[in-house]
Amino acid sequence: MLDPQFLRDHPDAVRKAIRDKKAGESDLVDRALAADENRRASLTELQTIQQQLNEASKQIGPLMKEGKRDEATPLIEQTAELKDQIKTIEETAREHEEAFNSVMLEIPNIPHESVPVGMTPDDNAIVFEWGDKPSFDFEPKPHWDLAAQHNLIDFERGAKVTGAGFPFYVGKGARLQRALIQFFLDLADEAGYTEMQPPLVINEISGIGTGQIPDKEGQMYVANLDDLYLIPTAEVPVTNFHRDEILDAAELPIKYAAYTPCFRREAGSYGKDVRGLNRLHQFDKVELVRFVHPDESYDHLEHLREDAERAVQALGLPYKRLLMCTGDMGFTQTKKYDLEVWSAGQDRWLEVSSISNFEGFQARRANIRFRPEDGGKTQFVHTLNGSGLALPRIVATILENNQRADGSITIPEPLQRYTGFDVIG
RNA sequence: GGAGAGGUGGCUGAGUGGUCGAAAGCGCCGGUUUGCUAAACCGGUGAAGGGGUCAAACCCUUCCGCAGGUUCAAAUCCUGUCCUCUCCGCCA
């Protein structure tokens, strides 16, 4: 949710954001401004009458106490009328309030000035590349062939037991997953993050707080009986950890790292994107979340990005860093980097991390504030998060990039003390 | 799942239907005293929203888990709901 004051002061900036992000109708801003007018008008009207009622009650009090009932009676009759009025005005005030809120929820966050304007993935800027693509004197295999060859991942039985996109990891495959989780969490720990194990299901209010609801509701699995949602990312429970709280400025920045499985329905996905580990309904991820002072959030975005890149580099995986353009960025972000790792067996890049600044957008929705050092008015914190990292595509690229002619796979050196083996096959 | 108790400001914790946004304490901020620190003393200190102002001051409304209801008037009474705690049952 945007700051209503910002909308009033800079309607053109909001219009531009909606255009650049292609998020929402062109008349959104005008509808929001009109709704805001309505809302404030009915609020003022309501408050005036409430004041009259309060004053009347204040007069009645003493009269009743002194037993002057006859003097109080006309006043009481007057309040009856006021209460009628209040009831109807309250109703319209609430309608206006709701109308305003629902329009506001449709307005996307404003992109940062450093973000390239563009509509398609082609407009994303490649700002950094690291590592050399591995070269082979044989045809490198895709990870699903390698996984089958070494019996690391069982997609078929996963489909039998649950459905497509829910694989079993078996033997060294399972072990590799566990090693990666441990490795990523240790890196996060070294970078000063507090480790956290959040709930894997969340309620509706939490979904609204981070913006999954109502925007991306269809992407979540729902536990209907209890009105709970399976988390699509640890971002949701971890960010909502501080929902409705006023933090101490001295506590900032707060940094959490959480490993969780993530559940996504991925409605509408198809084609080669869904092959193997490329896109799953359930996958593991270590997520990094920061709550920071508004003045520092863009510094923290870079630090967060470095934390994610450090993990990719440690595994020796060639990658590129993209600065996402306005149209490819998402509704709630102001600035977002994607990290894409080279997949030798598929001859393509795979996204393994997405690092975003939300400024106060989530904080306002989730009501996460802090009290400034000087004791001034409370302000909304800025929230950021990034994957550090998502596992399946990392597993895929480790297998593919490190395969040898005989089909065996070497494990990146830093990971070996976690896996307990240095080669598969 | 059954029975009982309770949910009040950053925290602890009082509160008789009517000057209660709410005592007191802690914490925090400012000041006095003071070699330094601490202590002591004095004063201040909730949130959201609307109006007002160059900015303040200031004015108003709402908020005592949440949602309704009774009443001229609700933190206080009634109903529902959520959560916490204790006991019982079930159980990894």
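Labels below follow one simple rule: chain letters A, B, ... track the order of the sequence lines, proteins then strands, and each chain is numbered from 1.
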Colleague: Write down the distance between CD (A:E97) and P (B:rA48), rounded to a whole number of angstrom.
Modeller: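 That distance rounds to 15 Å.
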Colleague: Given atom CD1 of A:I86 and atom C1' of B:rU62, what is their separation to the nearest angstrom?
Modeller: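 After rounding, the gap between these two atoms is 12 Å.
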Colleague: Taking only side-chain nitrogens and oxygens of A:N54, does any of them come within less than 4.0 Å of OP1 or OP2 of B:rU61?
Modeller: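 The answer is yes; a side-chain N or O of A:N54 sits under 4.0 Å from OP1 or OP2.
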Colleague: Without swapping roles, check the side chain of A:T79 against the backbone of A:L53 for a donor-acceptor pair under 3.5 Å.
Modeller: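 Such a contact is absent between A:T79 side chain and A:L53 backbone.
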Colleague: Atom CD1 of A:I246 and atom C1' of B:rG9: how far apart are they, to the nearest Å?
Modeller: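 Checked: the CD1 to C1' distance equals 10 Å.
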Colleague: Pick the P atom in B:rU16 and in B:rU76, then give their distance to the nearest Å.
Modeller: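 Their P atoms lie roughly 12 Å apart.
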Colleague: Going by an N to O cut-off under 4.0 Å, is there a salt bridge joining A:E106 and A:R31?
Modeller: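 Yes, A:E106 and A:R31 are salt-bridged.
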Colleague: Compare the minimum distances between each of B:rA48, B:rC72, B:rU62 and the side chain of A:T378, then state the nucleotide with the smallest one.
Modeller: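 Output: B:rA48.
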Colleague: Grab the CD-C1' distance between A:Q50 and B:rC72 for me, whole Å please.
Modeller: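 In whole Å, B:rC72 C1' lies 15 Å from A:Q50 CD.
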Colleague: Rounded to whole Å, please give me the gap between CD1 in A:I60 and P in B:rU19.
Modeller: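 Going from A:I60 (CD1) to B:rU19 (P), I get 14 Å.
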Colleague: Side chain of A:R8 only, please: which of B:rG69, B:rG68, B:rG50 is the nearest?
Modeller: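 The answer is B:rG50.
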Colleague: Expressed as a whole number of Å, how far does the P atom of B:rC20 sit from that of B:rA74?
Modeller: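 B:rC20 and B:rA74 have their P atoms separated by 15 Å.
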Colleague: Using heavy-atom distances to pick each residue's nearest nucleotide on RNA chain B, tell me which of A:R369 and A:T48 is more 5'.
Modeller: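 Result of the comparison: A:R369.
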Colleague: Nearest-Å distance, CD (A:E90) to P (B:rG69)?
Modeller: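 Between P of B:rG69 and CD of A:E90: 9 Å.
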Colleague: Closest to the A:Q51 side chain: B:rA73, B:rC60, B:rU62?
Modeller: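 The listed nucleotide nearest to A:Q51's side chain is B:rC60.
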Colleague: Taking atom C1' in both B:rG4 and B:rC91, compute the distance separating them and give it to the nearest angstrom.
Modeller: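 B:rG4 and B:rC91 have their C1' atoms separated by 23 Å.
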Colleague: For B:rC82 and B:rA55, measure between their P atoms and round to the nearest Å.
Modeller: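 After rounding to an integer number of Å, I get 47 Å for this pair.
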Colleague: What integer number of Å spans the P atoms of B:rC78 and B:rC83?
Modeller: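 It works out to 22 Å between them.
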Colleague: Closer than 4.0 Å, any side-chain N/O of A:N367 to the OP1 or OP2 of B:rA48?
Modeller: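 A:N367 to B:rA48 OP1/OP2: no side-chain N or O under 4.0 Å.
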Colleague: As a check on the pairing definition, encode RNA chain B in dot-bracket form, counting Watson-Crick and G-U wobble pairs whose two distances are under 3.5 Å, and using | for partners outside this strand.
Modeller: ((((((((.[[[..)..(.....]]]((((((.......))))))((((((......)))))).[[[[[..)....]]]]])))))))....
Colleague: In whole angstrom, what separates A:L82's CG from B:rU61's P?
Modeller: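 Going from CG in A:L82 over to P in B:rU61 covers 13 Å.
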Colleague: Any salt bridge (charged side-chain N to carboxylate O under 4.0 Å, His left out) pairs touching residues 85-99 of chain A, not counting sequence neighbours?
Modeller: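 Listed by first then second residue: A:R39-A:E97, A:E91-A:R94.
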Colleague: Could you work out the separation of B:rA22 and B:rU79 based on their P atoms and round it to a whole Å?
Modeller: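 Straight-line distance between the two P atoms is 30 Å.
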Colleague: State whether a side-chain donor-acceptor pair under 3.5 Å links A:R365 with A:Q362.
Modeller: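 No, no side-chain donor-acceptor contact under 3.5 Å.
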Colleague: A:Y259 and A:Q182: side-chain donor and acceptor closer than 3.5 Å?
Modeller: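 Checked: A:Y259/A:Q182 side chains show no N/O donor-acceptor pair below 3.5 Å.
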Colleague: Ignoring backbone atoms, establish whether A:K83 has a side-chain N or O less than 4.0 Å from OP1 or OP2 of B:rA73.
Modeller: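 Result: yes.
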Colleague: Would you call A:R305-A:E302 a salt bridge at under 4.0 Å N-O?
Modeller: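 Salt bridge between A:R305 and A:E302, a charged N being under 4.0 Å from a carboxylate O: yes.
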Colleague: Is the Lys NZ or Arg CZ of A:K335 less than 6.0 Å from the centre of A:Y298's six-membered ring, within 45° of the axis?
Modeller: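 Judged by the rule (NZ or CZ under 6.0 Å from the ring centre, within 45° of its axis), A:K335 is not positioned above A:Y298.
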Colleague: Does the side chain of A:Y229 come under 3.5 Å of the side chain of A:Q219 through a donor N or O and an acceptor N or O?
Modeller: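 No donor-acceptor contact under 3.5 Å links the two side chains.
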Colleague: For residues 39-47 of chain A, which residues have at least one heavy atom under 4.0 Å from RNA chain B?
Modeller: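 A:R39, A:R40, A:L43, A:T44, A:Q47 - these, ordered by number, are the residues of the stretch whose heavy atoms sit under 4.0 Å from the strand.
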Colleague: Taking atom types as modelled and ignoring hydrogens, do the side chains of A:Q177 and A:D284 form a donor-acceptor contact shorter than 3.5 angstrom?
Modeller: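 Side chains of A:Q177 and A:D284: pair found under 3.5 Å.
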Colleague: Does any donor atom in the side chain of A:H242 or A:E245 lie under 3.5 Å from an acceptor atom in the other side chain?
Modeller: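 The criterion, which ignores hydrogens and geometry beyond distance, is satisfied for A:E245 and A:H242.
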Colleague: Taking the same atom, C1', in B:rC60 and in B:rC66, what whole-Å distance lies between them?
Modeller: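 About 26 Å, rounded to a whole number of Å.
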Colleague: Once you round it to whole Å, what is the distance between P of B:rG49 and CG of A:D36?
Modeller: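 Rounded to whole Å, this separation is 12 Å.
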Colleague: Assign A:R364 to base, sugar-phosphate, or nothing according to its heavy-atom contacts below 4.0 angstrom with the strands shown.
Modeller: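 No contact.
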Colleague: With C1' as the reference atom in both, quote the distance from B:rC85 to B:rG65 in angstrom, rounded to an integer.
Modeller: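 So the two C1' atoms sit 15 Å from each other.
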Colleague: Could you check which of B:rU61, B:rG69, B:rC72 has an atom nearest any side-chain atom of A:T79?
Modeller: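 Given the options B:rU61, B:rG69, B:rC72, the side chain of A:T79 is closest to B:rC72.
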Colleague: Angle class for the A:F6/A:H10 ring planes (parallel below 30°, perpendicular above 60°, tilted otherwise)?
Modeller: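 Because their plane-to-plane angle lies in the 30° to 60° range, the rings of A:F6 and A:H10 count as tilted.
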